[in-house]
Amino acid sequence: MLLGVSFLCLSCLAVFSQSQDQASLSRSNDPNGRCVYTFTVVNPQESSCPQGSTKSPTDEVLTRLTLLEALVSRLIGGEKGGTGSGGLRHNEENLQEAYAQVTRERNQLQLDQERLNTQVQKLQSTVAELRQEAERLQQRPCEQTHTSGRTLHENRLLRDPRYHLENISYQEMKAEVKKVPASHLLPEGNYTLSGCGELLSVGDPVLHRKADAITGKYGVWLQDPDPRGPYYTKKTVWRIDSVGKEVRQLFVYEDMDQFSKGFPMKVLVLPEPVESTGATIYQGSLYYQRRRSRTLLRYNLTSESLASRLDLPHAGFHGQHPYSWGGYTDIDLAADEQGLWAIYSTSKAKGAIVVSKLDPASLEVKRSWKTKMRKNSVGNAFMMCGRLYTVASYTTPNTTINYMFDTATNEGQAIAVPFVNRYRYNSMVDYNHAQRKLYAWDNFHMVTYDVRLGWAG
């Protein structure tokens, strides 16, 4: 082994003996402060570099690798005379492996250089194209988006000789606008946007709130069409959840927005319990039926006290003559443009609906009308412009308002105005003539319906 190393050293001295007087070793610090040794050898076979004095870093690396390759080749050639030694063969294998590694690195560097050169050429070509496009855009004047009322597309067509207008025939089209009264857009008939008339149509239900608890499966919710007193307005919303044995709470909301959010501004406790869903709000008072009786009560909302009490003569109560859905809806109070009404039945009427006009202050009956519609055959009823209207079903999704009785003529007739029970358990329907809407409580859901009045025919 020692003999092989000595022979390798002598071979290296023989290779460099011709230029050892022209070699130099220097030491200096680089910009980072590290010590760097530099070994310089003059090539005795070349008087000058053939590629000029300016080279890229990659070319310099390739040059150094080429010299290293030549050096390794000389070392391998100098060791061929001692191949008989096992140590020399081992060193030769190591040198060949190192040589192969250096060759691979040189080839990779050459490939990288070719790839970079290709990218540079592409970038230079792109820059040249962009420069030409910029010069072309600078020489072209800006085109207006609208010229004499024409669009940019139309202007281009006019400039194009293929689209000369004198070469083609065309017909100018004009739009004619004719003013039509809004009433003409409705089906034939006479209509009123204010005042009274017959019910012609009912809109789809609009949801305002859904009850949170089981006590809100059915109930009453209203706004006063003609409020009195300093505290409440037409915007105030009133609500009673009617499920329970002792229903006394009256929730008060500032407006529809607070009602929809569920934020009452006050909760009044009524002096007498409420029976079912027949209560109504009118002229600053709550009118309702006392539980398990035919007694009518007027509760003054301003003074928060009972103002009137009176039994409704011969009226059925607590399940004797309810609507078809039950719920002890024997007496249903309502208000419209003409005043306060009671919708009920008696034993004398044999279950047919009786309509009575009430005095708002004393609750006395002013006049009564007997109809031919049985109360337990309809889902609900309401008063509108002195006319009684009945809803055929409280649970059928697409039902009808099937009967109308006019107290002015004392005549009734079958009608068929579509009505939607969207949530399939409509326990309360009342009319508000100020809002021109129906208010309903449909299976936890408090909804309103727009209505249209007029005279059909």
Side-chain angles (χ1 to χ4, degrees), residues 214-224 228-229 232 238-252 266-336 339-349 351 353-368 375-376 380-383 427-430 439 441:
I214 187 62
T215 55
K217 180 174 178 59
Y218 51 86
V220 181
W221 81 285
L222 294 164
Q223 290 179 293
D224 193 339
R228 306 293 171 84
Y232 307 115
W238 308 85
R239 167 183 167 179
I240 300 174
D241 293 347
S242 299
V243 177
K245 294 182 178 180
E246 293 287 327
V247 178
R248 293 174 180 263
Q249 290 184 327
L250 175 62
F251 297 89
V252 189
K266 183 184 291 188
V267 180
L268 302 178
V269 180
L270 301 174
E272 301 284 351
V274 179
E275 182 86 303
S276 195
T277 63
T280 193
I281 302 285
Y282 180 62
Q283 293 184 347
S285 293
L286 168 70
Y287 297 87
Y288 67 99
Q289 174 193 357
R290 186 185 183 277
R291 184 173 180 265
R292 288 181 175 271
S293 73
R294 61 172 59 95
T295 302
L296 303 182
L297 302 174
R298 179 170 76 91
Y299 179 79
N300 188 294
L301 298 172
T302 300
S303 63
E304 300 180 6
S305 61
L306 281 178
S308 301
R309 175 195 297 264
L310 190 69
D311 285 356
L312 185 60
H314 311 294
F317 64 94
H318 203 66
Q320 293 178 345
H321 302 293
Y323 291 125
S324 60
W325 71 272
Y328 305 125
T329 53
D330 299 76
I331 300 176
D332 190 5
L333 300 174
D336 67 358
L340 182 65
W341 304 83
I343 305 169
Y344 60 105
S345 187
T346 66
S347 58
K348 184 178 179 180
I353 295 177
V354 175
V355 179
S356 292
K357 183 80 175 291
L358 304 180
D359 183 275
S362 64
L363 299 176
E364 293 181 354
V365 175
K366 293 182 176 181
R367 185 179 173 182
S368 296
K375 193 165 185 292
N376 61 7
N380 226 301
F382 58 91
M383 297 297 297
S427 59
M428 165 248 168
V429 180
D430 264 18
Y439 288 61
W441 194 301

With Y218, the ring pair (Phe, Tyr, Trp, His ring centres under 6.0 Å) member among W325, Y323, W441: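 Between Y218 and the candidates, ring pair (Phe, Tyr, Trp, His ring centres under 6.0 Å) is satisfied uniquely by W325.
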Student check: side-chain heavy atoms of [X] and [Y] closer than 4.5 Å:
{"X": "W238", "Y": "V252", "value": "yes"}
{"X": "L270", "Y": "Y288", "value": "yes"}
{"X": "T277", "Y": "N380", "value": "no"}
{"X": "D359", "Y": "K366", "value": "yes"}
{"X": "Y344", "Y": "S368", "value": "yes"}
{"X": "L340", "Y": "T280", "value": "yes"}

Looking at [Y], is its backbone amide N or carbonyl O close enough to the side chain of [X] to form a donor-acceptor pair, meaning the two atoms are under 3.5 Å apart?
{"X": "S356", "Y": "A342", "value": "no"}
{"X": "D330", "Y": "Q320", "value": "yes"}
{"X": "T329", "Y": "P322", "value": "no"}
{"X": "K375", "Y": "H321", "value": "yes"}

[atom1] of [X] to [atom2] of [Y]: how many Å apart, nearest 0.5 Å?
{"X": "D332", "Y": "F382", "atom1": "CG", "atom2": "CZ", "value": "11.0 Å"}
{"X": "L286", "Y": "L222", "atom1": "CG", "atom2": "CG", "value": "9.0 Å"}
{"X": "N300", "Y": "S285", "atom1": "CG", "atom2": "OG", "value": "5.0 Å"}
{"X": "K217", "Y": "S242", "atom1": "NZ", "atom2": "OG", "value": "13.0 Å"}

side-chain contact (heavy atoms from CB on, under 4.5 Å) between L268 and Y299, worked out: CA-CA 11 Å; L268 302 178; Y299 179 79; 4.1 Å; yes
W341 vs D336, side chain to side chain donor-acceptor pair (under 3.5 Å): CA-CA, chis, key distance, verdict: CA-CA 8 Å; W341 304 83; D336 67 358; 2.8 Å; yes
Worked check of side-chain contact (heavy atoms from CB on, under 4.5 Å) between L333 and D430: CA-CA 9 Å; L333 300 174; D430 264 18; over 6 Å; no
Which atom pair, heavy atoms only, marks the closest approach of [X] to [Y]?
{"X": "G284", "Y": "D224", "result": "N-OD2, 2.7 Å"}
{"X": "G219", "Y": "M428", "result": "O-CB, 3.4 Å"}
{"X": "Q283", "Y": "P360", "result": "OE1-CB, 4.1 Å"}
{"X": "L306", "Y": "P271", "result": "CG-CG, 3.4 Å"}
{"X": "V220", "Y": "S276", "result": "CG2-O, 4.4 Å"}
{"X": "L363", "Y": "S308", "result": "CD1-CB, 3.9 Å"}

Result of checking R291, Q289, R294, E275 against H318 for side-chain hydrogen bond (donor to acceptor under 3.5 Å, both in side chains): E275
Quiz item: cation-pi between K266 and F251, 6.0 Å / 45°: no
E304 atom CD: more than 12 heavy-atom contacts under 6.0 Å: yes
Side-chain donor-acceptor contacts of residues 309-316 below 3.5 Å, not counting sequence neighbours, with atom names and distances?
| residue | atom | partner | partner atom | Å |
| --- | --- | --- | --- | --- |
| R309 | NH2 | E272 | OE2 | 3.2 |
| D311 | OD1 | T295 | OG1 | 2.6 |

Y282 and Y287 aromatic ring geometry - parallel, tilted or perpendicular at 30°/60° bounds: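 Y287 vs Y282 ring planes: tilted.
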